Amino acid sequence: MKLGMIGLGKMGHNLVMNLLRHNHEVAAYDMNSDAVSKVAEHGAIPASSLEQLVAALETPRIIWIMVPAGAALHSVITSLTPLLSEGDIVIDGGNSHYKNSVQLADELAKSGIHFFDIGTSGGIEGAEQGGCFMIGGDEAVFRSIEPIFKDIAVENGYMYTGKPGSGHFLKMVHNGIEYGMMQAIAEGFEVLDKSQYEYSYEDVARVWSNGSVIRSWLMELMQDAFAKDPKLESIRGVMQSSGEGRWTVETALELQASAPVIAMSLFMRYRSLEDDTFHGKVVAALRNGFGGHAVESSK
Ligand SMILES: O=C(O)[C@H](O)[C@@H](O)[C@H](O)[C@H](O)COP(=O)(O)O
């Protein structure tokens, strides 16, 4: 099939490579012209503006947007929509909040444009070698673009999830699970690290990756990381987050669903951003107040 790709960062670039490998025709645009040249070297049709990208496609056009959720996506949509016609298809493959995707689908539907919210998983490697795609939008229109996903997903690695918003909702929950799984793995290694035993963590991750109940891609990645740096000494224990974990917790609260592990994982990320905490000072002051327990003075 022929489609356009807007956003050629790590994910967009690799998706283009995957599409080209499967003989799809891709017109590609990014604000960074070097990123466009890189995919053009591999056979993509280079576009130096959104207008050029739109002109390179036949109607109904299929345009996949792979830019950061929020302001960047909003800006692309605002500039792109006036260039499109009824029947065109717009895909957001980023980690957008599902409520924004529902709203966007409604807005684009007013101009007869079909919108798909796609949760894309599998990381940078998956984008290139075969990823996992959770696809929300109109089912009949989805069937017309399904061949794309048959090609670029791993086997059984795509799913039509239902009405608009359902793709990004599913990806949000997936990422909430990701937070909990990673935190549990991390805590296990923390206990090992504080223990009297001298394990090679690379070997632990290897043995847990083979036949054990907790074998997983995350454990394999753990093995790779410990192979490079046996005690992860070159990395600070600071855990950033992009929003999906928080949205999962907020959604669980809205739905009154119990998600304590995911919530704690999120809070552990926030905690990791601070060396000292105000809550720690408060508890120390209280213990000192009622029990005369010693406090440590700050520098
Ligand atoms: O499934 C995936 O491929 C990942 O989840 C991917 O989407 C990304 O790496 C996360 O969004 C990171 O999320 P945090 O920055 O919140 O950890």
Side-chain angles (χ1 to χ4, degrees), residues 5-19 64-73 91-101 116-136 148-149 152-161 165-187 189 214-222 224-225 232 235-253 259-274:
M5 180 70 70
I6 299 172
L8 302 169
K10 286 179 271 184
M11 292 296 289
H13 171 92
N14 280 7
L15 283 170
V16 172
M17 299 305 284
N18 190 346
L19 287 158
W64 186 316
I65 305 172
M66 206 63 196
V67 301
L73 176 75
I91 295 169
D92 171 19
N95 280 332
S96 297
H97 195 295
Y98 78 97
K99 287 185 183 171
N100 293 340
S101 304
F116 287 92
D117 52 289
I118 301 194
T120 308
S121 187
I124 307 164
E125 188 187 308
E128 224 239 300
Q129 296 301 324
C132 170
F133 301 93
M134 299 150 241
I135 308 157
I148 294 173
F149 299 98
I152 66 170
V154 288
E155 204 179 345
N156 292 318
Y158 73 90
M159 173 184 175
Y160 170 71
T161 55
S166 62
H168 280 152
F169 188 91
L170 197 62
K171 178 64 178 11
M172 174 188 77
V173 175
H174 166 281
N175 277 33
I177 294 170
E178 187 179 285
Y179 276 49
M181 288 174 70
M182 288 198 289
Q183 183 63 29
I185 291 171
E187 289 177 15
F189 279 103
I214 59 170
R215 65 187 183 270
S216 58
W217 189 37
L218 292 175
M219 197 56 76
E220 289 166 21
L221 292 173
M222 217 50 269
D224 294 345
L232 303 184
I235 300 176
R236 281 193 67 220
V238 169
M239 304 181 280
Q240 300 292 346
S241 53
S242 319
E244 302 246 358
R246 177 165 60 82
W247 301 339
T248 309
V249 174
E250 286 167 355
T251 305
L253 290 171
V261 170
I262 298 173
M264 289 296 285
S265 312
L266 175 69
F267 291 143
M268 285 304 287
R269 292 212 184 182
Y270 295 159
R271 175 65 187 86
S272 80
L273 303 179
E274 297 178 65

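Model, not experiment: these values are computed from the prediction. Both ligands and their constituent atoms are indexed starting at 1 by order of listing. For reference, positions follow the sequence shown, starting with 1.
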**Q** Among protein heavy atoms, which sits nearest to atom 16 (O) of ligand 1, and what does the distance come to when rounded to 0.1 Å?
**A** Tyr179 OH, 2.5 Å
**Q** In the protein, which heavy atom is nearest to atom 4 (C) of ligand 1, and how far is it?
**A** Glu178 OE1, 3.5 Å
**Q** I need the nearest protein heavy-atom contact for atom 2 (C) of ligand 1: residue, atom name and distance, please.
**A** Ser121 OG, 3.3 Å
**Q** Out of Lys10, Arg269, Lys171, indicate the one that has the non-hydrogen atom closest to atom 17 (O) of ligand 1.
**A** Arg269
**Q** In this structure, does ligand 1 have an atom that sits under 4.0 Å from one of the heavy atoms of Gly245?
**A** no
**Q** In terms of atom number and element, which parts of ligand 1 are under 4.0 angstrom from non-hydrogen atoms of Ser242?
**A** 13 (O), 14 (P), 15 (O), 16 (O)
**Q** Please check if the side chain of Arg269 supplies one atom and the backbone of Gln240 the other of a donor-acceptor pair under 3.5 Å.
**A** yes
**Q** Please give me the minimum heavy-atom distance between Tyr179 and Leu266, naming the atom from each residue.
**A** CE2-CD1, 4.0 Å
**Q** Starting from atom 10 (C) of ligand 1, find the nearest protein heavy-atom neighbour and note its residue, name and distance.
**A** Asn175 ND2, 3.5 Å
**Q** Any N/O of Asn95 closer than 3.5 Å to an N/O of ligand 1?
**A** yes
**Q** Less than 3.5 Å between some nitrogen or oxygen of Met182 and one of ligand 1, yes or no?
**A** no
**Q** Shortest non-hydrogen contact from Ala69 to Asn95?
**A** CB-O, 3.3 Å
**Q** Do the side chain of Asp117 and the main chain of Gly167 share a donor and acceptor less than 3.5 angstrom apart?
**A** yes
**Q** Atoms of ligand 1 less than 4.0 Å from His174 heavy atoms?
**A** 1 (O)
**Q** Looking at Asn18 and Ile152, would you say the former's side chain and the latter's main chain have a donor-acceptor pair under 3.5 Å?
**A** yes
**Q** Tell me, do Asp92 and Ile118 make a side-chain contact under 4.5 Å, heavy atoms counted?
**A** no
**Q** Considering only heavy atoms of Gly123, which atoms of ligand 1 have at least one such atom less than 4.0 Å away?
**A** 3 (O)
**Q** So Tyr158 and Phe149, would you call those rings parallel, tilted or perpendicular, with 30° and 60° as cut-offs?
**A** tilted
**Q** List for me each residue that meets side chain to side chain donor-acceptor pair (under 3.5 Å) alongside Lys99, sequence neighbours excluded, and say none if there are none.
**A** Glu254
**Q** May I ask you to check if ligand 1 and Glu244 share an N or O to N or O distance below 3.5 Å?
**A** no
